[in-house]
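Notes to accompany the following structure.
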Amino acid sequence: MPNIDRRDFIKLVGAGGVGVGAGVVLRESIKHPREHLIPHVLAPEDYSSGVATWYNSVCSMCSAGCGISVRTREGRAKKIEGNPSHAVNQGGLCAVGQAGLQVLYNPDRVTGPLLQAAGRGSNDFTQITWDDGLTRVASRLDVLRAAGRGNRVAVLTRGTSGHLAELLEAFGQGLGTDRLLHYDYDHPHALHVANQRFFGEQQLPYYDLANTRHLLSFGADYLAGWLSPVHHSLGFAQSRHGGDHRGHFVQIEPRMSPSGAAADEWIPARPGTEGILALGLAHHIVASGHYEGDDVDAWQEVLSAYTLARVAQETDVSESTLRQLAESFANTRPSLAIGGDGAANNSNGVDTLVAINALNYLAGNVGEMGGVIFNPDPGGATSHSRQANYQTLAQLAESARSGEIDVLILNDANPVFTMPVASGFKAALEQIPFIVSLSSFIDETSALADVVLPSHTYLESWGDAFPEQGVGFSIGAVSQPVVAPLYDTKATGDIVLDLARRVGKPMPWNSTEECIKDGWNKIYQESDSNTKTESFESFWTALLKAGVWGKKNHRMTETSRPNANTIASIGVDAPTFSGDAEVYPFVLQPYLSTMHDGRAANLPWIQELPDAMTSVVYGSWVEMNPKTAKDLGLTEGDLVDVESPEGAVRAPILVYPAIRPDVIAMPIGQGHTNYGRYASNRGTNPLEILSPVVDENSGNVASNATRVKIVATGKHVEIVKTSGKSRDLGRDIVQTTGGDDHTAQTNSIPITVIPT
Amino acid sequence: MDGELNQLKYTDIHNDVVRSIVETGPNYYIALITAFAFTLICFFFPWFYQLYYGIGAAGMNHPGVWGTYLASFIFWIGLSHSGTLLSCVLHITNSSWRKAMYRSAEAMTLFSLVVAAIMVMVHVGRPWFIHWAAPYPNQMEMWPNFRSPLLFDVMAITTYLTGSTIFIYMGSIPDFAAVRDRTQGWRNTMYSLMSLGWRGTDTEWHRLHWAYTFLAVLIIPLAVSVHSIVSWDFAMSIVPALHQTIFAPYFVVGAIYSGTAGIVTVMFVLRKFMDFGQYITELHFDNLGKLLLVLSLLWTYINIVEVFTGFYSGASGEIEALNYRLFGFYAPLYWEMIAFCAIAPLLCAFKSFRTSFVPMLVLSIAINIGMYTERFLIVATSLSRQYLPDAWGLYVPSAVEISILLGTFALFTTLFLLFVKVFPSVSMYEVKETMESPKKSTPAASEGSPA
Amino acid sequence: MTSFVVGLFGDPESALAAAGSIQTANLGTPELMSPVPMEGVEEVLGEKKSVIKRFSLFGAIFGGVSGFLLAAITAVLYAHPTGGRPIITFPPYLIITYELTILFGIVFTVIGFFVSARLPNGLWTAWWKQDENRPYVPEAAVDKFAVSVSCASNENVQQAETILRTAGAEEVRDLTEEN
Amino acid sequence: MNVSIQPALKSLRTAALIALVAVVGVFMGYFIDFLITDNPEVSAPEQPIAFSHKIHAGDNEIPCQYCHTEARRSPSAGVPSVNKCMGCHNEVATDSPLIRQVSEYWENKEPIPWVKVHDLPDFVHFTHKRHVQAGIACQTCHGPVETMDKIAVHSRDNDGPTLMASTTGEITNSETSEVGATQNDHWEMGLCLNCHKQHDVVDGKAVRVDDGGFDNGLDCWTCHK
Amino acid sequence: MSFLDRITEGWRKNRKPGYYEEFDYHWAMTIDLDQCSGCGACVTACQAENNLPIVGEDAFTKGREIKWLRLEHYWEGEYPDVKLNVIPMMCQHCDSAPCETVCPVSATYHNQDGLNTQIYNRCIGTRSCAVYCPYEVRYFNYNDHAWESPLDQQLNPDVSVREKGVMEKCTFCIQRIRQAKDNAKDDGRRRVRDGEVQPACVQTCPTKAMVFGDRNDPKSQVSQSLNDPRAYKVLDELNTHSSVVYLKKVEAEG
């Protein structure tokens, strides 16, 4: 040991001290901090911590009305899954349905009543109390109602079905207004009209994809956007591998949709000529004697003009293909023809769909398993009667301009986004002195509101749904709150009830729940006695548990005969397009993307979901045939202006192998200017530049009837997509096998009915 | 060299070398501080930022999950070869021209290895858990996975680092002793310790000789194994254009190649700035030049074989990957590499070129640039063109990565500068050995001894 | 008390010669100190044997065995099967074996060197009595060749000095009093 | 002249000594901190209400799961809700100051912010359910809670905690008393492994099988997912 | 049990390759490409179930998306005879997985259910597994991810949120498998019933194109589906012995 003098000693002590200090700090820094255990004040009955609880409800992301089961833990919604016992989706659920959670937990939700004092569109909202907000609205309504001028109040809601719709009806009556409009951009107006005209049916028929063996789809993207995608997907799968025989699917559309990709044949007919093609097939079927009805002569006469030769020439589909199509359609039993989206959104939309109905009729698919089956009257109200088409909204705008409307009540409808700029709808709304919005989000339309009375999301509130397209029998489901409301919001129904009370027209219910229960009580009373439970309460709890209700009231074998003048009225004119073909060489086809009509654009999961066909995320694009692109000297990512007679939007080119050279396609959904952090100022909205070409029969805008031209800007952007190279260079990654005889076991669950 | 060294006496060497350690002018310190500053700014700051933000600070993505960090790792490992390896080979074949330069060559090995080890830390996503790759008993009862090529690496590099450290240290014990006697104060203390009280007795010399030889024998296979193992990090995968049997020899040759070039660079620097002109002579550059020529031919050969077999295989994956390397996004780099590593070295065929210093310096630097490119291409091209075309992607280094890459060179320089200050950068006793021992000149000696 | 007589020579030959004559004069085996390894020492002073190679061999074997066992045992201690291969997989473990063989080979060689060369100087005095003081002349590290003789008695000292001088030593030192 | 390295060493001794002291200091510091913060007496955090498990579980022999009801049917043992406390305490010892605190919380309808003592990292998904149902005593991991006035992380003595058939709360030294005796007396992976290596579940109960190896919950995904 | 016994025991037990075949379960999945419509529901379901981060547009541009399950698109032919083939690609849980051998710290290995595990808290982020995986289904956390409140309330408490520097990939929804085993034990059953456990993607698939189950149980739906003449494995030539089997798409004539 060396002799340590004082200095050394101090050094030693110092070193030791520092060392110890360092040691303590070290361990404290790597130690886990203390957490807290916060117990309940009052233990809830319906869940225990660490154990998941499931609630059955209804998905309201689109109008298909799928049943959902929501997994909750510690009172928070964790996951949405399809309700296996619900006949519409049988456990399946689409991406948007999954993303419903992000509607509930969206950071951009309106957290309480707001007042936009600083002027419309300023986005400068101030928090107000519910009472304040309601009084502001009620006072105005009260004055108008008292003066008997309730008609100066307009209610514009997103498509609501079930008893909530009835509640709104009652509210409208109470106010004395008939300006109660449901608005969904993608509501199948043409289909309703066509079926009304040909079959005389109020309801949409049920298209039995599951049992058909030959599907002819005229532009209907039944797997992604059309009516009830999940149910169609189930049917598709069932038909492909459910039975002993593999169903054959043909898709006729100018731009390949997901359904087109899944189909066995994809036939790019000239846009708008689907109806002519259908009649061509009909002509062949009748001419070749496949149809033996006693009215065959009438048919022959009306169809005589549509010879295969002419049709081939007009539709740009080879005659042989047409003949072969007609043959297989007539010979394969059962077969089914459906039409929608691309085919319906033309100036001749309704005629086209009528033609398709005729085709079904002539091939004998009406009232057949695997064909067109008529739906019974649904248990609850559906909203088609009130659905506003383009013309209705135009009228609304007109009356707003001429100052006939004092108050507009908005509920989750966003027409400012989906109406073409040419319609001048936005400007018209601004004429209305007072606008109140019940939306949960500030979207383009709500941005015009003076007062925002935010409503619950569908996961927080009561409701019910009776799927419009149905499943061949009456079916409905109750949507119950699965979590306690996050924010200071109210259920739409409760707000309306409150308003009604304040304007002195109280309704028989105190809450939405009561209203719903009341409605279901009626259904319970009507339900046939043998399956009746002993009390409504037990029925109600059973209903909530099952999450679905159905009634064995199929109209399987029913068919209908068109009368002489119906037959005579059949005929499809060539489609009309806005703009001169010389100046505007391309037809623009805006199609529904995963974001639906744009309402899902504020959900990050949907923004990050690669597009089904192009795997693009975050943004919009212009789809163009490789040949066209080559001619125009454009490559992927080149920024172009898509100019229509009405205006222009700017988006990058995406070379798309499966689209007609004379057609340009753009996805709907992006291009929001004011819809939360995830959607705003991203991509472009093709609907803006649509020309107001209207299908006179349906009164709805023909969204595929706008011609455009492409103007290169010389700029280039990188399209954000997850795909590298979308060609497998002979690497057999996706392997295929020929032949039709595949007897794989079914993966589909047979449709179940919960008896009442 | 005899021609030149004969004029010198033992004392002169002694003085030169000791001077290089004891008396350093301000220039040295300026150089050191600059190098260190660069290291801080270009290497450590970006790295700390990356530690804070995550590997996202670099340009890597999916599928390009490996990038310049790994390339640098291989590069520095490669540079480390030839230092010790060359010196061992030459020691065993005892070729005398090695002796003037091997000390600094070995130092190069040592510091390249250190830098390489640090690059591993930079590369991994959670360096604060890197110790899990080392086998030590722990309460989790978890051990590293000895089947992993990466763990081979860990083992090999640890061994190699230990080996070359010991090798260079043992070789310089006598020189420490020599310096010890010429220094005072803390230096003296330091060198007394480092020289372990070496006296230079016949016994000590004898033992040293044997130990040194054994080390050399052990280290040669080690060095070969090290870079083979590094190559297996790639070759053991089934990625097209990486899954190659030829990779081990390819990497070893490449390593020695770049290492030799590195030595040329270092030689030049020593010669220029520490004026060791008399010891590091044209002869060395001449020999190194020949070596470079041979190696470059070997390297080119292996490259051709790789491309040939790749295309000959006819497998879509292989062909696509090679196509991409030769003509794809990174193609300019590829051809740059060919120009620097396959064509330029052919100049070494001419003695006049080999014996002229500056051109050799330029060539050596060019070669190492080329070799770095090679490593980068191996990582980047193969990863961006794999089996599933839909998952193909592109990898471009980020600013942070490039800065860190430059920083590694600064780091290496710093370490090397410290080395020349502490170590006799030319081995005195071996240089003395190469000279003729002094003849007896005194008349007293002429009477002869009774032996 | 032992004293050391050290003669400094300017060239190896005469130093060797001196060493030889010292030995023939039965003054014990002299120690040679030189700046470089000297040729022909063994002819004069006889063969030298070193134990280093045994150390290296042992180290290598030890390393190899422990290397394989490390890999194998740790693998079964907490089995994590990978890639459908067996837990004890020879090809990779042979590489570990190889590396550790070399590692321990190197380490033990160094130990062998220290032991046989009795370095570090000064840590061996405890059990190497005759090591207590070992003569050293700094010139020997530069350019002189020294022959040191350890003498037990004064006459030996005289004798040694004369021999060294006659052998042509440039200088002869007696290092006795320095310790 | 002598060139032994000893003088050099001598001159370095003080420096070396200082370095040594510093290093040792670091380890000591680490260890001291360990002792302080993980010593049952010291490390037990102050709870908002000085609840005593000794009185409840020990003296009055209330079974653990009377309050921690979730333990047998949920991954998390669960903390009793305030009204659970009130369930007894609007009858029992209503006048004691501590109970008044409880009732204050109850009246204000506020939860009691208990401080978490036994805490696992977020990447560990431990389930009480399986262990309780397998008949592992709570004390096996939590230590003799019924003897603690203040809950603390229990550092084990050598014979370790015990495994027993009942989960009611009283400790019976069964034949498997060395279970969980482990090299680390801390809540770390080794603790779990040690027990899992020695036990297997035979018709729903954990029994000692001395069969190390791969199955029986040694899969990492048992807890880390 | 003495140290030596454990060694010998372990040696005896784990000598031969693929011995996990003897264990209770060997999970596998089949995907019928003839039914898959490429709608992407599975992708979102996976994101919702497994706390996959919302990485943002910037990360997508850099190619740093994290999608345990992705849809690969392969076009075939030119207009008008053009086809789009879509194939869902997720971790194939290979029985001889290239990624497992390369991990230096055994963060990924093969567990007794024949699953290819990924232990986040063990991972040190060398990313070599991602290089070795021929399917490129391993995704790396290049930075910490944030869930803007209240989006974080949706996070699944049964799944760890991964920190920066960690590799992650499809786990066949291990939390669900464990839950199913848990329930089985509650019912006093030794085995999980077929169809009792479904990963999020399988559960939500609108076309029921995916089937998941135990391959060791010959009666399970997946075992039957594995015998389908159309069954094939992607990149089978690499001998990865993957547990995800695809059923060939049918090219109908005309």
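Letters A, B, ... mirror the listed sequences (proteins, then strands); counts begin at 1.
The aromatic rings of Y139(E) and H62(B) lie parallel to each other, with less than 30° between the two planes, well short of the 60° mark.
Proximity to chain B involves both the backbone and the side chain of P134(E), based on heavy atoms less than 4.5 angstrom apart. For chain E, the nearby part of W143(B) is the backbone; its heavy atoms alone come within less than 4.5 Å. Contact annotation for F234(B): only backbone heavy atoms (N, CA, C, O) come within less than 4.5 Å of a heavy atom of chain E. With a 4.5 angstrom heavy-atom cutoff, E237(E) does not touch chain B via any of its atoms. For M140(B), the part lying near chain E is the side chain, with the backbone staying farther off; criterion is any non-hydrogen pair under 4.5 Å. In this structure, no portion of M167(E) lies under 4.5 Å from any heavy atom of chain B. The part of V239(B) that comes within reach of chain E is its side chain, from C-beta onward, which places non-hydrogen atoms under 4.5 angstrom from that chain. When heavy atoms are compared at a cutoff of 4.5 Å, L235(E) approaches chain B solely by way of its side chain, counted from C-beta outward. Only the side chain of R70(E) comes within contact range of chain B, judged by heavy atoms closer than 4.5 Å.
Every side chain to side chain contact (heavy atoms under 4.5 Å, CB included) that M121(B) has, sequence neighbours left out, goes to W47(B), P127(B), I130(B).
Listed by sequence position, L383(B), Q386(B), Y387(B), L388(B), P389(B), D390(B), A391(B) are the residues of residues 383-394 of chain B in contact with chain E, using a 4.5 angstrom heavy-atom cutoff.
Between chain E and the residues G125(B), P63(B), G64(B), the most heavy-atom pairs under 4.5 angstrom are made by G125(B). In terms of heavy-atom pairs under 4.5 angstrom with chain E, the leader among D233(B), D153(B), L151(B), L242(B) is D233(B).
More than 12 heavy-atom neighbours from other residues, nucleotides or ligands sit within 6.0 angstrom of OH on Y136(B).
Atom CG in D144(E) sits 9.5 Å away from atom OH in Y53(B) (nearest 0.5 Å). Distance check: R122(E) CZ to R126(B) CZ gives 10.0 Å after rounding to the nearest 0.5 Å.
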